[in-house]
Each structure stands twice: as structure tokens, then as C-alpha cells.
Trainee: 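Provided herewith is a single structure, encoded as C-alpha cells, for subsequent inquiry.
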Amino acid sequence: MANTIPDIPLNDGNTIPQLGFGVFQIEPKDTVEAVRRALEIGYRHIDTAEMYGNEAEVGEAVRTSGLDRDEVFVTSKLNNGFHRPDDARAAFESTLSALKMERIDLFLIHWPLPTLYDGDFVSTWKVLEEFRREGRATSIGVSNFQVAHLERLAAEAEVVPAVNQIEVHPYFGNEEVRSYDRQHNILTQAWSPIAQGKVLDDPTVVDVAEQVGRTPAQVVLRWHVQRGDIVFPKSITPQRIEENFRIFDFELDDTAMERISGLDQGEAGRQGPNPNEFDYVPS
Ligand SMILES: NC(=O)c1ccc[n+]([C@@H]2O[C@H](COP(=O)([O-])OP(=O)(O)OC[C@H]3O[C@@H](n4cnc5c(N)ncnc54)[C@H](OP(=O)(O)O)[C@@H]3O)[C@@H](O)[C@H]2O)c1
């Protein structure tokens with residue numbers, strides 16, 4: 001079975017590679033090398049954010065990779081301090097100029113921040129619609145949006161987000177939001193897909209891994225992709241970057257899938273902040 005990364009259709013006619021490489025918590029000084037390594041291995045999708053402080057290094061790694069710009073799918077996100085429309089426009093310019101790119105494949109609102117800006121993420125979203133009309137963002141989406149936030153966009157905005165990037169891993173299935181996404185043709189992107197390593201010692205995960213002759217990280221990532229979600233595990237360790245890439249040359253049967261899904265702890269399994277309350281604005 002060849003290890004081919006599927007391109008998944010988005011609701012706007014574009015496609016996205018189902019596996020990418022995440023760069024949250026990679027120091028700028030380490031980012032060029034890590035992204036270069038990922039591109040050499042065969043990753044063609046990089047997930048960054050203004051908040052991560054390494055957009056410039058992601059851009060440099062793509063530019064110096066020897067690949068055409070169009071061969072690599074690049075995502076970035078609007079930082080929390082810039083939700084007001086004019087600030088969002090300026091922040092998007094900064095993102096493009098840090099990346100040294102004329103367009104980005106996917107641009108997201110990083111957090112809905114319902115307790116800030118009078119809860120008005122709709123006017124922020126309308127600015128992302130502008131970026132898409134201008135062709136500077138090929139696709140647009142949201143991150144950490146709960147069902148109520150998505151319902152407001154559906155009622156008040158024109159464009160349905162192409163993706164919703166949310167926390168999902170075996171300990172936190174996030175089923176309510178995933179189900180809304182699925183019913184409304186919004187692709188779910190699963191962030192912290194291996195719960196930053198915390199699910200890898202789980203006895204069920206270890207047992208499934210032993211049964212299929214793969215590593216715990218590979219079976220958890222495989223579980224995500226068989227559920228249809230997009231993943232972009234982060235690693236600065238060359239051997240792990242390679243390991244996480246090899247998830248399309250084996251399959252989990254229904255029993256293995258159900259055993260991993262059965263680890264869901266609901267809200268108690270959430271590792272990151274709750275989007276209904278999160279209000280961090282970097283200074
Ligand atoms: N939209 C959002 O709000 C949001 C929030 C969080 C994350 N994200 C995105 O999602 C991406 C992934 O999430 P994440 O970085 O939080 O966590 P993650 O990918 O679930 O886990 C990363 C951690 O697991 C370790 N690791 C990676 N591969 C491994 C393997 N094969 N075996 C053992 N350990 C392994 C890494 O260590 P080493 O690096 O030391 O190898 C790192 O400590 C981020 O990089 C970012 O792009 C988005």
C-alpha cells in the first residue's frame with residue numbers, strides 16, 4: 001500500500017492535503033530546519049499562525065525548498081488582538097509580508113473571543129470574506145468556533161467557513177462541533193491530534209499499536225484520518241516527523257477504531273482552553 005496523502009475537497013472548490021505539519025511551539029530559530037525536513041519527507045501542507053511567531057521562517061523554508069509555491073498548502077491565522085476590521089486588514093498584510101507570499105492557501109480566525117469585541121466575530125469574518133474575494137486568501141475558515149458561533153456566521157455572513165480547526169484527539173472527541181461541521185460541509189481540522197503526546201502511553205493505544213505493528217502516534221493519527229479529519233502533528237524530532245508521515249500505508253479495522261473512540265472523556269478530556277471563555281490577547 002503506497003503512502004499517498006489524499007487531497008480532500010473543501011466546500012469552495014479547492015482541496016487540502018489531509019496531512020500537514022504544525023509549527024506551534026517551534027522556536028523561530030528551529031523552524032526553517034524543521035519545515036525543510038518536513039518538506040523533504042513529503043509533507044505539502046504547513047499550519048502556522050501569527051501567534052506562533054514563526055511565519056517568516058515558514059515562508060523562508062517554503063521559498064528555499066526547491067518546490068513551487070503552488071505545491072505547498074500554507075495556512076495562517078489572525079491573532080487575537082486584531083479582530084477589529086482595520087486591524088484585521090493590517091494583520092493580514094503583515095502575515096503575507098512575513099511569509100513573503102502574495103496569497104495564502106487558507107486564512108483562519110484563530111479564536112472567536114466571544115467575551116471580547118462585544119462578541120462581534122461576524123464583522124471580523126466579513127473582512128476574511130474580502131481577502132477571499134481579492135484572491136489573497138484562496139480559502140478562509142475559522143478555528144475554535146463552537147456550534148453557537150458557527151450558527152451566528154450562518155445567519156449573518158455570506159461565506160460558509162471552509163474549515164473549523166478545533167481541539168480533537170482520543171481523549172476529547174469534540175463530537176458536537178465535529179457533527180455540526182459535517183452536517184454543514186465544513187471540514188474539521190483536529191489540533192493537538194496526539195494531545196501533545198499525552199495519549200501515546202494510553203494502554204488501549206499501545207495495545208492497538210502492537211496489534212497493527214505501528215507506533216502509538218501512527219495509530220492515533222490514522223484514527224483521525226479514517227474519521228475524515230485533517231491533521232498536522234508538530235515535531236522538531238526528525239525521526240518523529242518521518243514517523244508521523246507514514247500513516248497512509250495501513251488501516252485500522254472497525255474494532256480498533258471503536259476502541260480508540262471509546263477513550264473519549266468528553267469535556268474532561270479537553271487539554272486546551274474552552275473557546276467560550278478564552279480571552280488571551282498577546283501584548
Ligand atoms: N488553532 C489552534 O488554536 C491550535 C492550538 C494548538 C495547536 N494547533 C495546531 O495543531 C498543531 C499540532 O498540535 P500541537 O503542536 O499542539 O500538538 P501535537 O501535534 O498533538 O503534539 C506535539 C507534541 O508531541 C510530540 N510528538 C510528535 N510526534 C511524536 C511521535 N511520533 N512520538 C512521540 N511524541 C511525538 C512533540 O515532541 P517533539 O516536537 O519534541 O518531537 C510535541 O511535544 C500545532 O502545531 C498547530 O499547528 C492549533
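Numbering of ligands and ligand atoms starts at 1, following listing order. Residue numbers count from 1 along this sequence. Note: hydrogens, waters and symmetry copies are ignored here, and every other heavy atom, side chains too, is used.
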Trainee: Using a 4.0 Å heavy-atom cut-off, say whether S235 meets ligand 1 through its side chain, its backbone, both or neither.
Mentor: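 Near ligand 1, S235 shows its backbone as well as its side chain.
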Trainee: Please work out which of N164, N244, L108, T75 has its closest non-hydrogen atom nearest to atom 31 (N) of ligand 1.
Mentor: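 Minimum heavy-atom distance to atom 31 (N) of ligand 1 goes to N244.
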Trainee: Taking non-hydrogen atoms only, is S192 closer than 4.0 angstrom to ligand 1 via side chain, backbone, both or neither?
Mentor: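 Both parts.
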Trainee: Are any of the N/O atoms in L200 less than 3.5 Å from those in ligand 1?
Mentor: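 Not met; the criterion fails.
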Trainee: Which label fits H149 and F121: parallel for a plane angle under 30°, tilted from 30 to 60°, or perpendicular past 60°?
Mentor: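 Aromatic pair H149/F121 classed perpendicular.
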Trainee: Just need the protein heavy atom nearest to atom 24 (O) of ligand 1, so name the residue and atom and give the distance.
Mentor: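 Looking at atom 24 (O) of ligand 1, the protein heavy atom closest to it is I194 CD1, 3.5 Å.
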Trainee: Give a yes/no verdict on whether any heavy atom in P193 is under 4.0 Å from an atom of ligand 1.
Mentor: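 True for this residue.
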Trainee: Using 4.0 Å as the upper bound for N to carboxylate O, is an ion pair formed by E242 and R246?
Mentor: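 Judged by the 4.0 Å cut-off on N to carboxylate O distance, R246 and E242 do form a salt bridge.
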Trainee: For atom 38 (P) of ligand 1, which candidate among E243, Q25, R240 holds the nearest heavy atom?
Mentor: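 The option holding the nearest heavy atom is R240.
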Trainee: Measuring from atom 2 (C) of ligand 1, which candidate in W111, F21, W191 has the nearest non-hydrogen atom?
Mentor: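 Comparing heavy atoms across W111, F21, W191, the nearest one to atom 2 (C) of ligand 1 lies in W191.
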Trainee: Less than 6.0 angstrom separating the ring centers of H110 and F82, yes or no?
Mentor: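 Not close enough - the centres of the two rings lie 6.0 Å or further apart.
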Trainee: Considering K234, Q271, Q189, which one's heavy-atom position lies nearest to atom 42 (C) of ligand 1?
Mentor: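 It is K234 that holds the nearest heavy atom.
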Trainee: With the threshold set at 4.0 Å, does a side-chain nitrogen-carboxylate oxygen contact exist between D253 and R259?
Mentor: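 Judged by the 4.0 Å cut-off on N to carboxylate O distance, D253 and R259 do not form a salt bridge.
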Trainee: Nearest heavy atom to atom 11 (C) of ligand 1: which of F232, F245, F24, Y52 does it belong to?
Mentor: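 Shortest heavy-atom distance from atom 11 (C) of ligand 1: F232.
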Trainee: Is there a polar contact between ligand 1 and P233, counting only N or O atoms under 3.5 Å apart?
Mentor: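 No; every N/O pair is 3.5 Å or more apart.
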Trainee: Between A195 and ligand 1, which part of the residue brings a heavy atom under 4.0 Å of the ligand: side chain, backbone, both or neither?
Mentor: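 The backbone, only.
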Trainee: Does ligand 1 have a heavy atom under 4.0 Å from the side chain of T48, from its backbone, from both, or from neither?
Mentor: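 It is neither part, as no heavy atom is under 4.0 Å.
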Trainee: For atom 21 (O) of ligand 1, tell me which residue out of Q196, M51, Q239 has the closest non-hydrogen atom.
Mentor: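 Nearest heavy atom to atom 21 (O) of ligand 1 lies in Q196.
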Trainee: Between H45 and I230, does a side-chain contact (heavy atoms from CB on, under 4.5 Å) hold up when you go through it step by step?
Mentor: CA-CA 10 Å; H45 164 187; I230 305 284; 3.7 Å; yes
